[in-house]
Amino acid sequence: MKKIQFLKPLINFVLIGLSILSISRFLLFLFFRSRVVETQNYGYIFPIGLRMDLIVLCYLLFLPVALIILLPDSFLKRIQGFFTVYFILFLSILLFMEMSTLDFIKEYDTRPNNLFIDYLIYPQEVVGTLVKSYLASILITMIVLAGFIYALIRYRKPLFGIQPTVYKTKLFLFPIVAFFVFFGARSSLTSKRPINASDAVFSTDHLTNSLGLNSFYTVGFALYSMKNEKNAEKMYGKMDYAEAISRVKKYMNVKPEDFSNDSIPLLHTQKADSIITRPYNVVIILEESLGAEYVGSLGGLPLTPEFDKLTKEGTLFTNLYSTGTRSVRGIEAVVTGFLPSPSESVVKLNNSQKDFYTIASLLKQKGYDTSFIYGGKANFDNMGSFFNGNGFDTIIDEDDYDSGKSAFHGTWGWSDEDVMAKANNYYKGLGSKPFVSLVFSSSNHEPFEYPEGRIKPYDKAKNTVDNAMKYADYSIGQFFKMAKKESYYKNTIFLIIADHNTRTYGNHLVPINKFHIPALLIAPDVEKGAKYDKLCSQIDIQPTLLGKTGMDVKTPMPGRNLFKLPDAAQGRAIMQFNDINAFRVGNEVIIMQPHKTPLQFHVEKDTVFTPEKLNNDLAKDALAHIITAFYLYNQQKYKLQ
């Protein structure tokens, strides 16, 4: 045994690492047991987990193994401190990631991923949210982590001390040790590619699948995968671009002669529902996290009395689905009409920071004033840069409010009623000039802060999602009370629409019911008290709105004017959930996962999924929409002429 004592620091590192990851997985299993046990063979999460944990630990062993075996003992003693720091650092990171996992899963229904890193670049908002919503978890994590690090430092010599060994013995054993570390990291000798996250998929419940991973791996894999995020072909499969575009066009309800520019494949003329001399203004109120489950008029909780009253003044879309689970994805769908993809939203991608189509860039050409009005920092999620480069001339954010006259300032900026008042005052000041404006709410974002005395709380505790939703609805009501007194009101189209739901979770690969959101269109030429009940997507709403502006326009949007859709046409929705894409036509859903054959399900009530034989043509249509988004973005062909 003395001959292999030099391996003791490496073995201890692996054993401690496995203990952290295995205990964490078991505790997470207990916490989510009622859901996990619904999956057949749920016990697979443990052997799969052991395999994935060994992969991570073996990758982390590459450097210390090479140094400990190949360098002589005399030199290793000089760098003993490096090994101590290396082992303690990565074990502490493993522990920290696992202790952060429970709260992350509660919020996003999956282990930490690229979002875990993305939000670190917005410390003011994120730290404020964490302190107010997860203070107890933070304190427990800090205490446990500090105790863990203290124990490792105290026992660093017996755990990670370099053991003197005959150099020839180390060289002799090097090939054997290197083989096991390489095999452990690759976890296969027969597969052409190393094992990755897709190999942990054994069920249709993405949360159960993610428990078979560990959070250090999921964050690391997300960062590594960023190089592929812009290449949907590597994730889902290739398709000839001409075929992909042709398949997308057949869903657009546009006549062939209305496509006007071969170099911009989807650019087409959209005819107005009726032509008027003075086209209407456009106000889009994008509501943070307003899922259908919170909307009384959609059968949800009784939290939206103001919105529900307004449904009598316009058309309510009752069967509408968001394209994603984040605000930037909602902005992408509502403001640009762009197809969702496994890449980051175009709001944050390089090729879309200028000359990318938005409703502002379109109507700016028609002489409209263009504005974005928000209560927080416009630089959050790169919104300010994207809007500034794509047609929004006026950006009003947190620094543009009068603190002496405003109602409330919270973690995410000024309250919704402050934002609505600012918007109304801005529109009044434009006089007769036509305008298009995006107003973005934030009060119904965790930690759910709002001013006192505005609403009768739904929950006894104040800062809850239900109470915040009710306050956000109150602010909508206040805006319309103000707007109806102004001259611009009678000449304006108003769209109230959610960006996404609060939490998107469920025991399916894509929890479709959590993508259900409201949209309400109020305009002089829109039927009052009507409901549009056919399945539709967030990307369909802007084309539908533009049809009511009173003028013909040219756009590259693949969405459809729902009011002009033939009765026989089936509804369609597209949803991106992490790296999984759902393409729904009627009640048939194609689920596309990276590096896997598509799956097809028949869906009832958004929650009952029945597996079906794959319709290859429908699967090609699903792939076509992803490939088209990839092509249009990379070739910079999603723009105006």
Side-chain angles (χ1 to χ4, degrees), residues 231-256 258-259 265-268 319-324 329 332-333 337-343 508-510 512 515 534-541 543 555-562 564-577 579-604 606 609-635 637-638:
N231 193 336
E233 294 172 317
K234 289 185 178 180
M235 300 180 72
Y236 300 118
K238 293 185 177 182
M239 177 179 283
D240 179 77
Y241 296 143
E243 179 187 355
I245 291 167
S246 176
R247 286 180 175 274
V248 170
K249 283 182 176 180
K250 75 180 184 181
Y251 284 87
M252 289 177 60
N253 193 37
V254 176
K255 297 177 181 178
D258 286 335
F259 288 100
L266 299 186
L267 189 67
H268 64 280
N319 204 9
L320 171 70
Y321 293 80
S322 66
T323 58
R329 188 66 78 189
E332 174 185 74
F338 195 62
L339 293 163
S341 73
S343 296
H508 297 291
L509 290 171
V510 177
I512 289 176
F515 284 76
K534 183 177 286 188
L535 173 69
C536 54
S537 172
Q538 221 172 8
I539 66 170
D540 296 322
I541 299 302
T555 87
M557 292 188 292
R560 315 189 277 197
N561 182 345
L562 298 172
K564 293 293 186 179
L565 202 61
D567 292 338
Q570 285 189 295
R572 172 219 56 192
I574 310 167
M575 292 153 272
Q576 190 74 35
F577 185 53
D579 57 2
I580 303 175
N581 184 280
F583 183 79
R584 179 178 182 179
V585 178
N587 287 328
E588 300 302 314
V589 180
I590 300 293
I591 301 291
M592 304 191 69
Q593 303 174 78
H595 316 301
K596 286 186 172 291
T597 302
L599 302 174
Q600 183 168 338
F601 298 89
H602 180 81
V603 178
E604 294 290 344
D606 289 353
F609 285 61
T610 304
E612 290 195 335
K613 181 180 179 181
L614 184 67
N615 180 327
N616 289 319
D617 194 56
L618 188 60
K620 287 181 179 179
D621 288 346
L623 177 60
H625 282 75
I626 299 172
I627 296 301
T628 296
F630 168 76
Y631 171 74
L632 294 176
Y633 168 76
N634 280 286
Q635 299 300 315
K637 292 181 179 293
Y638 194 76

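Computed from a prediction, not measured in an experiment: that's the story for all the values here.
Looking at every heavy atom in both residues, L614 comes nearest to A619 through CD1-CB, 4.0 Å. Counting all heavy atoms, side chain and backbone alike, P340 lies closest to N581 at O-ND2, 4.3 Å.
Put simply, the residue from K564, R572, K534 that forms a salt bridge (charged side-chain N to carboxylate O under 4.0 Å, His left out) with D540 is R572.
Taking CD1 of I626 as the reference point, atom CE of M239 lies at 9.5 Å (rounded to 0.5 Å).
Between Y251 and F583, the distance from one ring center to the other falls under 6.0 angstrom.
Sorted by first then second residue, the salt bridge (Lys or Arg N to Asp or Glu O under 4.0 Å) pairs that include residues 613-633, not counting sequence neighbours, are R247-D617, R247-D621, K250-D617, K250-D621.
Residues forming a salt bridge (Lys or Arg N to Asp or Glu O under 4.0 Å) with R584 (at least two apart in sequence, or on another chain): D606. Under the rule for a side-chain hydrogen bond (donor to acceptor under 3.5 Å, both in side chains), the partners of N319 that lie at least two apart in sequence or sit in another chain are Y321.
Heavy-atom neighbours of K596 NZ from other residues, nucleotides or ligands within 6.0 Å: above the threshold of 12.
Using a 4.5 Å cut-off on side-chain heavy atoms (C-beta onward), E588 and N615 make no contact. With a 4.5 Å cut-off on side-chain heavy atoms, S341 and Y236 do not count as touching. The closest side-chain heavy-atom distance from P598 to M592 is below 4.5 Å. Taking the side chain as every heavy atom from C-beta outward, L599 and V589 never approach each other to under 4.5 Å. Y241 is not listed as a side-chain neighbour of P265, based on a closest heavy-atom distance of 4.5 Å or more. In this structure the side chain of P566 reaches within 4.5 angstrom of the side chain of N253, judged on heavy atoms.
The closest donor-acceptor contact from the side chain of Q538 to the backbone of T323 lies under 3.5 Å. The backbone N or O of K234 sits less than 3.5 Å from a side-chain atom of H595, completing a donor-acceptor pair.
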